[in-house]
Amino acid sequence: MLQNDILLKHLSNVMDPELGVNIVDLGMVKDITYTNSEVTIDLALTIAECPMRNQIETEIKRKLKLIENIEEVYINVVEMSKEDRSSLMTIARKNARDKAVPTNINSRTRVIAVGSGKGGVGKSTISTNLAVGLESLGFTTGLLDADIWGFSIPRLLGIEGRLEANKDKKIVPFKKGGLEVVSTGLITDDEDTALMWRGLMLSKALEQFLFDVEWGNLDYLVIDMPPGTGDIQMALGRLLPQTELVVVTTPQSSAQKVATRVADMAKRSFIPLLGVVENMSYFESVDGNKYNIFGEGGGNDLSKKFGIPLLNKIPISEDSIEEAENGTPVLLQEKETPTKKAIQDLVNTIIKILPPVSDETCTGRLAKVLEELEVEV
Ligand code: ADP
């Protein structure tokens, strides 16, 4: 008579293709019964119409039929309870962390990715100002322009220089004030090899930016994501598991709909959602009246849908954007405007939700002790 643990062992070779963890560890096998040459499995899926259902069922049957004496495999699909689903996500998230290859980003660095459903909603403007704001408050901050094909960070920061490599062939971030900046827009293109290098960069850009850049010991890394969903977002969840996503949208429902896809995809890539920023929310006149030029509700709806905070609403700025387009981010401009104040509030809110990882954690203290010991030796 076959033991259930033998069956479980075989079932633990069946992976959930989306989560990359086996179905036993994910708690998907609820019950196994075995009579004569027949096995019946109760299989819990996150949703009963899971698109991976066929693949998982076929794989279970194939694996179990490899066992001697098993001729028929029946599968009853049940839908997971809310608790089961949340524990499955915890396991999958832990798995993604355990598998992560160490990058050049310190594991204590807070990583904030800024994404949007489509271009033109102010994603790069928010990323740039967030990075500048964090840096101005004294945090060591990096800004990575992962919008490889549509980079705009160099322009928004008024950088005309180029990235250089150090003697270890690592790329050194461009220093703009105290901010460490990396963007494909800063890659030299006046050498013969540059084109080839650029080709390489484009195909594995994110990996190169995380592995081949000599990032300092950052408190925060802000990443300006390409608009929409795609490989870079998936890779980020895998390579930098500490990433949290800020979704930028405008008040229109069309923008909110595409932003929903980004938030959905982030969840599937195990990237926690930090919150929503509604940009170009309203126009505030000098007498303090607010006008909802682009409609209203997009940010609120998105935050409700995903149960995440609406971090702030940023008003439309009439006068400060021209200066911003020429290389001075709103936060660094002298004029006090409602847009500047809202962006500063946004930075403060983010620091409150995601404070820098303090040195006073157990590992932080331990690292300090070890450093001191090394000095003495
Ligand atoms: P994305 O990165 O989403 O493509 P950008 O940050 O490049 O968007 O912004 C698109 C355009 O909108 C730019 O010209 C930018 O200066 C402008 N913009 C962004 N935010 C605001 C705002 N709050 N008020 C007015 N114009 C804005």
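Read the numbers this way: they start at 1 and go in the same order the structure lists the ligands and their atoms. What's counted below: heavy atoms across the whole structure, side chains too, no hydrogens, waters or symmetry copies. Here the structure is a predicted model, which means the values were calculated and not measured.
- Taking distance alone, with nitrogen or oxygen atoms compared against 3.5 Å, K123 approaches ligand 1 more closely than that limit.
- Near E325, meaning under 4.0 Å from any of its heavy atoms, are these atoms of ligand 1: 13 (C), 14 (O), 15 (C), 16 (O).
- Using a 4.0 Å heavy-atom cutoff, P315 is listed among the residues neighbouring ligand 1.
- Between the side chains of N312 and D345, no donor N or O sits under 3.5 Å from an acceptor N or O.
- If you check the side chains of E83 and S86, you find no donor sitting under 3.5 Å from an acceptor.
- Residues T337 and S317 have side chains that never bring a donor and an acceptor to within less than 3.5 angstrom of each other.
- For S183 (side chain) and G185 (main-chain N/O), a donor-acceptor pair under 3.5 Å exists by modelled atom type.
- Counting only heavy atoms of the protein, atom 26 (N) of ligand 1 lies nearest to I321 CG1, 3.3 Å.
- The single protein non-hydrogen atom nearest to atom 8 (O) of ligand 1 is G122 N, 3.0 Å, given as residue, atom name and distance.
- Using a distance-only test at 3.5 Å, with no hydrogens or angles considered, no donor-acceptor pair links the side chain of K123 to the main chain of V248.
- Closest protein heavy atom to atom 6 (O) of ligand 1: T125 OG1, 2.5 Å.
- Residue K118 has no N or O atom closer than 3.5 Å to an N or O atom of ligand 1.
- Contact annotation: for N279 versus ligand 1, heavy atoms closer than 4.0 Å belong to the side chain alone.
- Side-chain contact of Q252 with S254: a donor-acceptor pair under 3.5 Å is absent, judged by distance alone.
- The shortest contact between atom 18 (N) of ligand 1 and any protein heavy atom is with M280 CE, 3.7 Å.
- Nearest protein heavy-atom contact of atom 24 (N) of ligand 1 is S317 N, 2.9 Å.
- Between E38 and T35, some side-chain heavy-atom pair lies under the 4.5 Å cut-off.
- Taking a 4.0 Å cut-off on heavy atoms, G120 registers as neighbouring ligand 1.
- Checking S12 against N22 by side-chain atom types alone, no donor-acceptor pair falls below 3.5 Å.
- Of all atoms in ligand 1, numbered sequentially from 1 with element shown, those under 4.0 Å from a heavy atom of G119 are 3 (O), 4 (O).
- Against a heavy-atom cut-off of under 4.0 Å, S124 is close to the following atoms of ligand 1: 1 (P), 2 (O), 6 (O).
- Counting only distance, with no hydrogens or angles, the side chain of K176 and the backbone of L157 share a donor-acceptor pair below 3.5 Å.
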